[in-house]
Structures are given as C-alpha cells and as structure tokens.
Amino acid sequence: MPHILHGVAIGLFISAGATSIGTIAASICPQWARIVSLALGNVEPAFTPFDQSTDR
C-alpha cells in the first residue's frame, strides 16, 4: 500500500509541475519579443495619459 501512495504523490507533483510550467509559458510567450527587446536595451516610449481636463 505505501508504494501505491508514493506513486500517487509523485504523479501529483509531476502534474502540478507541468501545470505551473504551462501557465508560466502561456503568460510569457505572448510577451517574448517585448522581453527580448527590453533586455537588449531598447527602451519603450513613455505612455502619455489621456487628457481628462475636458468635461463631457
């Protein structure tokens, strides 16, 4: 019985690791070009906020 539980525990750890790696990869992949560009020293232009002085 302990061997079965050991196998289940290892399986859970492997699946949790795979899920976390997949989540990290899914969140980083769309931004990869931007990350590389920033790492190479290319500075992005500053964001200019919208002018909210006019009332609608």
Could you pull out all donor-acceptor pairs under 3.5 Å where a side-chain atom in residues 3-17 meets a protein atom, sequence neighbours excluded?
from, atom 1, to, atom 2, distance (Å)
Ser15, OG, Gly11, O, 3.2
Ser15, OG, Leu12, O, 2.9

Would you be so kind as to tabulate the donor-acceptor pairs closer than 3.5 Å made by side chains of residues 22-32, with sequence neighbours excluded?
from, atom 1, to, atom 2, distance (Å)
Thr23, OG1, Thr19, O, 2.9
Ser27, OG, Thr23, O, 3.3
Ser27, OG, Ile24, O, 2.9

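Other members of the cluster containing Val43 do not exist, because no ILVMFWY side chain is joined to it at under 4.5 Å.
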